[in-house]
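Per chain, numbering begins at 1; letters A, B, ... match sequence-line order.
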Amino acid sequence: MPELPEVETIRRDLTPLAGRTITDVEVLWPGAIKAPALREFGERVRGQRITGVERRGKHLILCLASGEELIFHLRLTGRLVLTPAEQEPGRHTRAVFFLDEGEALHFADVRKFGTIHLVKAGERQAVSSLAGLAPEPLSEEFTLDWFRSALARRRGPIKGALLDQAVVAGMGNIYADEALFRAGLRPDRPVPELASAEVERLWEAIRAVLAEGIRLRGTSVRDYVDGRGEPGGFQKVLSVYGRKGQPCRRCGAPLQRMRVAGRGTTFCPHCQR
DNA sequence: AAGAAGTCCTGGGCGC
DNA sequence: TGCGCCCAGGACTTCT
């Protein structure tokens, strides 16, 4: 599923869109367009020049010449792939953005959870999943002190805190499990009982797994592909996610699976304490 | 007010 | 081969 490293990979693949014009939009499943109303959406997008491609948390943002922004959230199974304009939409394609120079951007999404918003200049916060987002975890603003203060009001399991976008922007189930393994922490440890050194290890682990995920162009467990339609490489080096019953790469013990904060969670009972 | 539970949605994997 | 059942999960809403 597209988390920060996957969306960042797509962003990098789509940077050539800067300077290009959206000549037409075809919406195949109107439910994907959350705002504004469908007709107005088409009218406001058509003819716009793209000035930049940004990412914030798990959101992919196309900045338009008017100052408006086209904001995509891929949720679980969304894809954004650049194709030749003549490419027929697939079974799960929900919207096609036709571009100049004979190309098109296909938004596909099997489970229909993905969203598209068009917002006016400076109104990013109108998208609820963008309001209250933590600082970017790979930026200098995401300091250890900031992370400590974000955890200070928490009482539940650490895994739940990691999945909260107000604590770690862009974190999802895969990288949360990987970060906890790297930090040697059981996912169900209550936040208040974490020692200072453990929080620091976790802070470091979060940044390390996200950076490694980007370096390997994301994790393709099931649906994810990059902006060119190609799978990523991080699934080859996963320590725990999706490896229930398989031997821990560090100690050889069989990995266990449990439910934490409502999410399937895989961990090593020996290496994670 | 943080956290748990229910909701959305569909394909894939399972048992029989 | 095919049917029904259950699961996966991000983020919003509802309830406690």
Side-chain angles (χ1 to χ4, degrees), chain A residues 1-8 10 28-35 55-61 71-80 89-95 107-117 119 124-134 137 148-180 187-194 206 210 213 218-225 231 234-235 238 240-245 255-267:
Chain A
M1 49 230 82
E3 305 179 24
L4 186 153
E6 290 74 35
V7 181
E8 176 61 19
I10 294 169
L28 294 97
W29 187 70
I33 312 299
K34 297 302 176 185
R55 181 192 56 75
R56 182 75 177 91
K58 300 172 192 170
H59 304 77
L60 192 288
I61 302 173
I71 303 175
F72 297 85
H73 195 307
L74 304 179
R75 295 287 187 101
L76 304 179
T77 57
R79 298 177 166 194
L80 271 176
R91 186 143 107 92
H92 303 114
T93 302
R94 311 302 179 193
F107 173 75
D109 184 18
V110 169
R111 289 186 213 175
K112 298 183 171 176
F113 281 8
T115 60
I116 304 175
H117 290 79
V119 300
R124 243 181 226 198
Q125 303 297 314
V127 178
S128 54
S129 51
L130 272 171
L133 216 51
R148 285 192 201 286
S149 66
L151 291 181
R153 1 173 229 271
R154 291 262 164 187
R155 276 175 287 111
I158 183 59
K159 165 113 184 224
L162 291 189
L163 292 174
D164 186 340
Q165 302 299 292
V167 177
V168 187
M171 183 65 83
N173 210 32
I174 297 173
Y175 294 94
D177 279 8
E178 294 299 307
L180 287 163
D188 56 353
R189 282 277 297 280
V191 173
E193 76 167 45
L194 293 180
I206 289 165
L210 292 176
T219 307
S220 294
V221 172
R222 224 183 145 110
D223 295 276
Y224 165 73
V225 293
F234 197 72
Q235 67 279 3
L238 287 170
V240 286
Y241 182 86
R243 298 190 65 239
K244 179 187 88 169
L255 300 178
Q256 291 183 11
R257 185 176 164 90
M258 62 179 171
R259 191 156 284 271
V260 181
R263 299 273 176 268
T265 302
T266 312
F267 69 106

Any residue of residues 161-178 of chain A with a heavy atom less than 4.0 Å from an atom of DNA chain C: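 By residue number: A:Gln165, A:Asn173.
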Angle between terminal axes - the helix from B:dA2-C:dT16 to B:dC16-C:dG2, 5 pairs each end, rounded to 10°: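 It comes to 40° between the two terminal axes.
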Sequence neighbours left out, what passes side-chain hydrogen bond (donor to acceptor under 3.5 Å, both in side chains) with [X]? Give chain and number order.
X: A:Arg56; value: A:Glu136
X: A:Lys159; value: A:Asn173, A:Asp177, A:Thr265
X: A:Arg189; value: A:Glu193, A:Glu198

Which residues share a side chain to side chain contact (heavy atoms under 4.5 Å, CB included) with A:His92, sequence neighbours left out: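 For A:His92, the residues satisfying side chain to side chain contact (heavy atoms under 4.5 Å, CB included) (neighbours in sequence not counted) are A:Arg94, A:Val110.
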Side chain to side chain contact (heavy atoms under 4.5 Å, CB included) involving A:Ser129 - partner list, sequence neighbours excluded: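 Checked A:Ser129 against side chain to side chain contact (heavy atoms under 4.5 Å, CB included); matches are A:His59, A:His73, A:Val127.
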Residues forming a salt bridge (Lys or Arg N to Asp or Glu O under 4.0 Å) with A:Arg154, sequence neighbours excluded: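 A:Asp164.
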For A:Arg75, all residues meeting salt bridge (Lys or Arg N to Asp or Glu O under 4.0 Å), sequence neighbours excluded: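 By the salt bridge (Lys or Arg N to Asp or Glu O under 4.0 Å) rule, A:Arg75 matches no residue at all.
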N/O-N/O pairs, protein side and nucleotides 1-3 of chain B side, under 3.5 Å:
unit_1: B:dG3; atom_1: OP1; unit_2: A:Arg155; atom_2: N; d: 2.5
unit_1: B:dG3; atom_1: OP1; unit_2: A:Gly156; atom_2: N; d: 2.5
unit_1: B:dG3; atom_1: OP2; unit_2: A:Arg154; atom_2: NH1; d: 2.6

Shortest non-hydrogen separation from A:Ile158 to A:Pro187 and the atoms involved: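 Taking A:Ile158 first and A:Pro187 second, the nearest heavy atoms are CG2-O, 3.4 Å.
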Atom CZ of A:Arg153 with >12 non-hydrogen neighbours under 6.0 angstrom: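 It does not: A:Arg153 CZ has 12 such atoms or fewer within range.
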Value rounded to 0.5 Å, distance of CD in A:Glu6 from CZ in A:Phe234: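 Answer for the CD-CZ pair, A:Glu6 versus A:Phe234, is 9.0 Å.
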Value rounded to 0.5 Å, distance of CG in A:Leu180 from CG in A:Leu162: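 Taking CG in A:Leu180 and CG in A:Leu162, the distance rounds to 5.0 Å.
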Is a side-chain donor or acceptor of [X] paired with a backbone partner of [Y] at a separation under 3.5 angstrom?
X: A:Gln165; Y: A:Met171; result: yes
X: A:Lys58; Y: A:Arg55; result: no
X: A:Thr77; Y: A:Arg111; result: yes

Along DNA chain C, first and last positions that approach a heavy atom of chain A under 4.0 Å: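 It runs C:dA8 to C:dC12.
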Sugar-phosphate, base or nothing in reach of A:Tyr224, heavy atoms under 4.0 Å: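 A:Tyr224: no heavy atom of the nucleic acid under 4.0 Å.
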Sugar-phosphate, base or nothing in reach of A:Thr77, heavy atoms under 4.0 Å: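 A:Thr77: no heavy atom of the nucleic acid under 4.0 Å.
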Provide a list of protein-nucleic acid N or O atom pairs under 3.5 angstrom, restricted to nucleotides 6-10 of chain B.
unit_1: B:dT10; atom_1: OP1; unit_2: A:Lys112; atom_2: NZ; d: 2.8

Polar contact flag, side-chain donor to acceptor under 3.5 angstrom, A:Tyr224-A:Glu3: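 No, no side-chain donor-acceptor contact under 3.5 Å.
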